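Numbered from 1 within each chain, the chains take letters A, B, ... in sequence-line order. Note that the structure is predicted; figures quoted are calculated from it, not measured.
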Amino acid sequence: MKTDYKKELNPKQYEAVINPPGPLLVFAGAGSGKTRVLTYRIAYMIDYFGIDPREILAVTFTNKAAGEMRERMRQILGMAYLPVMLLTFHSFGARILRETYGVIGYRKNFSIYDESESLMVLKRIIAEENMERGDLTPKAAKYLIGRAKDDMLDPDAVEAKATSPRMRDLALIYRKYQQRLLELNAFDFDDLIYFPVIVFDSHPNILNRYRSRFPHLLIDEYQDTSNSQYRLVQHLAGEHKSITAVGDDDQSIYGWRGANIKNILKFEKDFPGTKVIKLERNYRSTQNILSAASGLIANNDNRKKKALWTDIGSGGKVKVMECSDEQSEALTIIDRIVQHRKGEGLRFSDFVILYRTNAQSRALEEGLRTSGIPYVIIGGVRFYERKEIRDILAYLRVLVNPDDDVSTRRIINTPKRGIGDTTVERLFAFAQKNRINMLTGCFLAAEGKIPGIATSKIIPFTEIIKKLSAIRENGEPLSSFVDKVIDISGYRASLSSTSDPEDEARLENIEELVVGVTTFEYRNPGATLEDFLEEVSLLTDVDRWDPNADAITLMTLHSAKGLEFPVVFIAGLEDGLLPLIRSGEGEDLGQLEEERRLMYVGMTRAKKHLYLTYSRYRKRYNSPTFSIPSRFLKEIPKDTLDFYTDTTKYYSESDKARRSGKYGLEDIRQGSFPIGAEVYHNRFGYGIVLSTEGSGDNEMVTVSFNRIGRKKLMIKFANLLPADK
DNA sequence: CGTTTTGCATTTTTT
DNA sequence: ATGCAAAACG
C-alpha cells in the first residue's frame with residue numbers, strides 16, 4: 001500500500017520528486033508546494049530508491065519547518081520513527097562540533113552564546129584593550145566579525161586585509177574575542193558554521209566520515225544560504241552530488257545577515273548536470289493577491305523571471321487602507337478581523353498581522369488588548385531571552401560548562417547575595433592570573449585562599465553550586481532538576497517576596513520554563529541537560545508558535561517566511577518604514593530590492609484576503625513623524641487594489657485637503673512644508689518632502705533629493721524653498 | 001563595599 | 001517609553 005505519488009502531486013512536482021539522486025534545483029515560487037516536494041522526495045527516496053533514511057540529511061530554515069516535514073513524512077510512509085537527519089544549519093553545525101570540538105581545541109559541553117552574551121564578551125575585550133572608538137562599538141565589531149566568519153576569514157586574514165586603522169583594530173579585537181571564547185568554552189552563532197567548515201578544511205578524514213554518513217543532501221530555502229553555509233554544503237556534497245536545493249530568489253530576505261542570493265543563481269554551475277525544475281503553480285492565493293505580489297516583485301531587476309499562476313479564482317481585491325495614526329490603524333485592522341470572523345466563520349488563528357519592525361507591535365497589541373481579542377506576539381522579547389529565564393539557564397550552563405564565566409558572572413549575585421562588582425572583578429583578576437575559571441576561583445575564595453575576598457559572602461554561592469551538582473549527579477530527571485535549581489538558587493523565594501508587580505509575571509515565566517522542560521523531556525526521552533541547553537540556544541520564536549491556539553498572530557515579515565494564513569494584514573506601509581530606510585544614508589538599490597522581496601514574502605502569505613495599511617502619522621523613536629504612503633503601493637498594479645480611508649479618527653486638523661491626491665491626504669500641513677511637497681535647496685537641488693518631525697527651531701524635514709538621495713535637514717538652517725518658486 | 005537612584009542613549013530584520 | 005551606565009546614598 002505505497003503512496004500514489006503521481007496522484008498526489010502535479011506533473012512538475014512529480015518530476016522533481018522522482019528525479020534520481022543527483023544534483024537537482026527546484027525553483028519553487030511562493031505557495032507552489034515547496035515543502036510538499038521536499039517531503040515527498042525524501043519519502044520517495046526511501047520508498048523507491050531504497051535509500052537508508054539515516055543517510056539523508058535535510059537542512060531547513062527553522063526547527064518548526066523540520067518538525068512539520070517529519071510529521072508529513074510519517075504520514076506518507078506510515079512509519080512511527082524516521083531516522084532522517086532533519087535540522088537547521090545551525091543545529092547541524094552544533095552537532096558536528098559536538099563530535100569534533102577536540103580538533104579545534106575546545107572541550108566537552110561547550111556553551112553556545114547568543115547575541116547579547118557575545119556582546120558582553122566583546123564589550124569587556126574592547127574595554128580591556130582600551131580600544132573604545134565610536135565606529136567600533138561592540139555591536140559594530142560583532143557585525144564585522146560575523147561577516148569575516150561568513151567569508152571564512154580568521155583574525156590573521158582580517159589583519160592582512162586591513163587598510164584602515166579601524167580594520168586593524170578590528171583584527172585585534174577579533175583575535176582576543178576568539179581567544180576568550182575558547183577559554184570560556186563557548187561558540188557564538190557564526191562559529192556554528194565557521195568552525196565546522198574549518199574542521200572539514202583541515203581534516204579530510206573527518207570530512208569523509210560525514211560525506212559517507214550523509215550521501216544524500218536536501219537544502220531548503222537555498223536562496224538564504226550564506227557564504228560559509230555554502231562552503232559547508234560544498235564540502236558535504238563532495239563527489240556524490242546527490243543534492244537537492246529548493247528555493248526562490250524572490251524570497252531572499254537575509255542579505256544583511258550574509259545570505260548570498262548568488263548561491264542559488266550559480267547552483268547549476270557548481271553542480272554540472274543539474275536538473276532544474278520550476279514550480280510556478282500557486283496553490284495558496286487568489287489571482288488578485290498573486291497578481292498584486294507578482295506586479296510588485298517585477299520591479300526588481302536582479303531576479304529570474306517567472307510566471308506564477310493559480311486557478312483558485314480571482315477573489316476580492318487587495319485592500320489598501322489609509323489610517324491617521326497607529327491607533328486607528330490598529331482599530332481599522334481589528335474592525336476588519338471582527339467582520340471577517342463573523343461573516344466567514346473564521347477563527348482568530350486564521351489572521352496574522354505583519355510588520356517591518358518589532359516596535360510596531362506595541363500599538364497593535366494595545367488595540368487588541370482593549371478589544372479583548374486573543375493574540376500572540378512572535379519575536380520582540382523572546383521567551384528564552386527574558387532576564388529571569390536567562391538567569392535560570394545560566395545556572396544550568398555553569399553546571400554543564402564550568403568554564404562559562406559569562407554565566408558565572410550572571411548568577412554569582414542573582415538573586416542578590418551581597419557580592420558586588422568589586423568582589424567579582426577581584427575574582428576575575430585572580431582567575432585570569434592563575435588561568436582558572438571564575439567558578440574554581442569562587443571555590444578557592446570560599447576557602448579563604450584569595451586575599452581581599454570575604455569568604456562569608458562567597459560561601460552561600462558555592463554551597464548552592466555544590467548542592468546542585470550533587471543532585472545532578474544523582475540522575476535527577478530533567479524537569480524536577482530545573483525545578484530544584486529554581487528553589488535552591490533562591491530565585492523562587494526572591495521573586496515571591498517582593499512588592500514589584502512585575503515579579504509575579506516573572507515567576508509565571510519561570511514556571512512556564514519548567515513546563516517547557518517537561519515537554520522537552522517527553523518529546524525526547526533520555527535527553528540530557530546538555531541536549532536541552534543546545535535546543536534552547538537554537539530555538540527560534542516561530543518554533544515556539546502554536547498555530548492551533550485560537551489567537552491572532554503578530555509577527556515581523558521576516559518571521560512569516562514559510563507560513564500561510566487565510567487573512568493577512570501588512571501594517572505600516574509607509575515610505576521609510578517599508579521600505580525601511582535608515583536615515584542619513586542614501587538609498588542603496590540592492591537594499592531596496594531586498595525590502596521589496598520582504599514585502600513580496602508578506603503578500604504571498606495570504607490565501608484569501610490581503611490588507612495593506614499605512615498611517616499618516618506615527619511615533620517613531622520618540623518623535624512624531626509624518627509619512628507618505630510606501631512607494632511599493634504605487635508599484636502594485638492598480639486593478640488589483642481597492643483604496644479605503646479609515647473613519648475612526650484623524651490626527652490632523654486640516655482634514656479638508658485630505659481627499660485631494662492620489663491616496664488622499666496629500667496636503668497635511670503639519671510643519672513648514674506639507675508631506676510630499678516638492679522643494680528646492682540651493683546646494684542639493686530639487687527633492688520631495690518625505691516626513692517632518694519636531695517643531696519650531698527644532699523642526700526637521702527628511703527630503704529625498706533627485707540627485708543625491710535622502711537627507712535630513714533642519715528647517716532653521718536649510719533654507720528650503722518650494723520648488724515652483 | 002553594595003544597592004538604589006538618576007541621567008542618557010536608543011530601535012531593522014534573526015540563526 | 002525603556003533599559004543600561006555613572007553618581008549618590010546607606
Side-chain angles (χ1 to χ4, degrees), chain A residues 59-66 87-94 112-116 118-120 123 127 134 137-139 142-143 146 149-150 187-194 221 224-226 228-229 252-259 354-363 366 378-382 384-387 412-413 415-426 452-454 456-457 500 502 534-543 555-561 572 576-583 585 591 594-595 597-599 601-602 618-623 625:
Chain A
V59 181
T60 60
F61 202 69
T62 61
N63 292 297
K64 180 164 216 85
L87 299 163
T88 65
F89 263 112
H90 290 267
S91 34
F92 179 56
I112 296 169
Y113 282 176
D114 70 9
E115 190 73 11
S116 74
S118 314
L119 284 175
M120 280 170 78
K123 208 171 140 194
T137 58
K139 233 177 152 178
K142 176 82 212 316
Y143 174 75
K149 285 177 182 172
D150 258 334
F187 292 106
D188 69 15
F189 278 135
D190 301 311
D191 288 337
L192 297 182
I193 312 294
Y194 176 81
E221 309 279 13
D224 276 322
T225 50
S226 66
S228 51
Q229 288 170 339
S252 166
I253 54 174
Y254 285 99
W256 50 274
R257 202 174 76 190
L354 304 176
Y355 36 78
R356 178 63 238 262
T357 64
N358 282 308
Q360 286 168 257
S361 70
R362 185 159 292 208
E366 204 99 313
I378 311 294
V381 258
R382 299 190 204 13
Y384 286 107
E385 282 175 19
R386 283 176 202 184
K387 190 184 158 303
I412 193 166
N413 193 33
K416 298 226 181 314
R417 41 180 86 90
I419 303 172
D421 287 347
T422 334
T423 307
V424 174
E425 285 315 315
R426 280 185 190 163
I453 293 179
S456 61
K457 296 275 177 66
D500 188 345
E502 291 284 305
E534 181 184 310
E535 160 136 334
V536 159
S537 319
L538 300 174
L539 217 52
T540 65
D541 260 318
V542 176
D543 295 331
M555 62 173 100
T556 63
L557 288 158
H558 281 92
S559 309
K561 186 157 88 159
L577 185 58
L578 181 57
L580 185 80
I581 291 155
R582 294 167 77 182
S583 58
E585 288 304 308
Q591 276 177 29
E594 183 156 313
E595 294 287 314
R597 290 194 292 270
L598 191 54
M599 174 78 186
V601 167
R618 152 179 334 267
K619 252 203 195 124
R620 270 242 261 164
Y621 316 116
N622 202 9
S623 60
T625 314

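- The interatomic distance linking A:L354 (CG) with B:dT13 (P) rounds to 14 Å, in whole Å.
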Identify each atom pair where a protein N or O and an N or O of nucleotides 6-10 of chain C are less than 3.5 Å apart, giving names and distance.
none

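- Comparing B:dT14, C:dT2, B:dT12 by their nearest atom to the side chain of A:T556 picks out B:dT14.
- One finds a side-chain N or O of A:T422 lying less than 4.0 angstrom from the OP1 or OP2 phosphate oxygen of B:dG2.
- Computed from coordinates, the A:L119 CG to C:dC4 P distance equals 12 Å when rounded to whole Å.
- Across A:G146 and A:D190, no two heavy atoms sit closer than the pair CA-OD2, 3.4 Å.
- Distances shorter than 4.0 Å separate some side-chain N or O of A:R426 from OP1 or OP2 on B:dC1.
- Among the heavy atoms of the strands, none lies under 4.0 Å from A:F61.
- Nearest heavy-atom pair, A:F189 versus A:L538, reported as atom, atom and distance to 0.1 Å: CE2-CD2, 3.6 Å.
- For A:Y254, the ring-ring contact (aromatic ring centres under 6.0 Å, His included) partners two or more places apart in sequence, or in a different chain, are A:F61, A:W256, A:H558.
- Between A:F189 and A:K139, it is A:K139 whose nearest contact on DNA chain B lies nearer the 5' terminus.
- Heavy atoms only, all atoms of each residue included: A:K457 and A:G418 are closest at CD-O, 3.2 Å.
- Remark: B:dC1 base-pairs with C:dG10. Criterion, Watson-Crick or G-U wobble with two distances under 3.5 Å.
- Between the CE atom of A:M599 and the C1' atom of B:dT13 there is a distance of 16 Å, rounded to whole Å.
- Residue contacts shown for A:E594 are absent, as no nucleic acid heavy atom lies under 4.0 Å away.
- Contact between the side-chain N/O atoms of A:T423 and the OP1/OP2 oxygens of B:dG2 is found at a separation under 4.0 Å.
- A sub-4.0 Å separation between OP1 or OP2 of B:dT14 and a side-chain N or O of A:S559 is present.
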List every contact pair, protein side and nucleotides 3-6 of chain B side both N or O, where the distance is under 3.5 Å.
residue, atom, partner, partner atom, Å
B:dT3, OP1, A:G418, N, 3.4
B:dT3, OP2, A:N413, ND2, 3.4

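- Candidate nucleotides C:dA1, B:dT15, B:dT13 were compared by shortest atom distance to the side chain of A:R362, and C:dA1 ranks first.
- Contacts of A:F187 classified as ring-ring contact (aromatic ring centres under 6.0 Å, His included), with partners at least two apart in sequence or in another chain: A:Y106, A:F110, A:F195.
- Side chain of A:D191 to main chain of A:Y194: no donor-acceptor pair is present (N/O by atom type, distance under 3.5 Å, no hydrogens or angles).
- For the pair A:F89 and B:dT15, the ring geometry does not qualify as stacking, because the centroid separation below 5.5 Å and plane angle under 30° are not jointly satisfied.
- Residue A:K142 comes nearest to A:L119 through the heavy atom pair CB-CD2, 3.8 Å, listed as atom of the first residue, atom of the second, then distance.
- When each of B:dT15, B:dT13, B:dT12 is scored by its nearest atom to the side-chain atoms of A:W256, the top-ranked nucleotide is B:dT13.
- In summary, the side chains of A:T357 and A:Q360 do present a donor paired with an acceptor at a separation below 3.5 Å, with no hydrogens or angles considered.
- For A:Q360 and C:dA1, the CD to P distance is 19 Å, given to the nearest whole Å.
- A:E594 places a side-chain N or O within 3.5 Å of a backbone atom of A:G255 that can act as its donor or acceptor partner.
- One can place OH of A:Y254 at 16 Å from P of B:dT12, the figure rounded to the nearest angstrom.
- With rounding to whole Å, A:K561 atom NZ is found 16 Å from B:dT13 atom P.
- Comparing A:R356 and A:S91 against DNA chain B, the residue whose closest nucleotide sits nearer the 5' end is A:R356.
- B:dT10: Watson-Crick or G-U partner is C:dA1, with both key distances under 3.5 Å.
- Scored by the side chain to side chain donor-acceptor pair (under 3.5 Å) test, A:S537 finds no partners at all (sequence neighbours excluded).
- For the side chain to side chain donor-acceptor pair (under 3.5 Å) test, residues two or more places apart in sequence or in another chain that qualify with A:T88 are A:S91.
- Spacing between atom CD of A:E366 and atom C1' of C:dA1 amounts to 12 Å, rounded to whole angstrom units.
- Rounded to whole angstrom, the span from the NZ atom of A:K619 across to the P atom of B:dT11 amounts to 19 Å.
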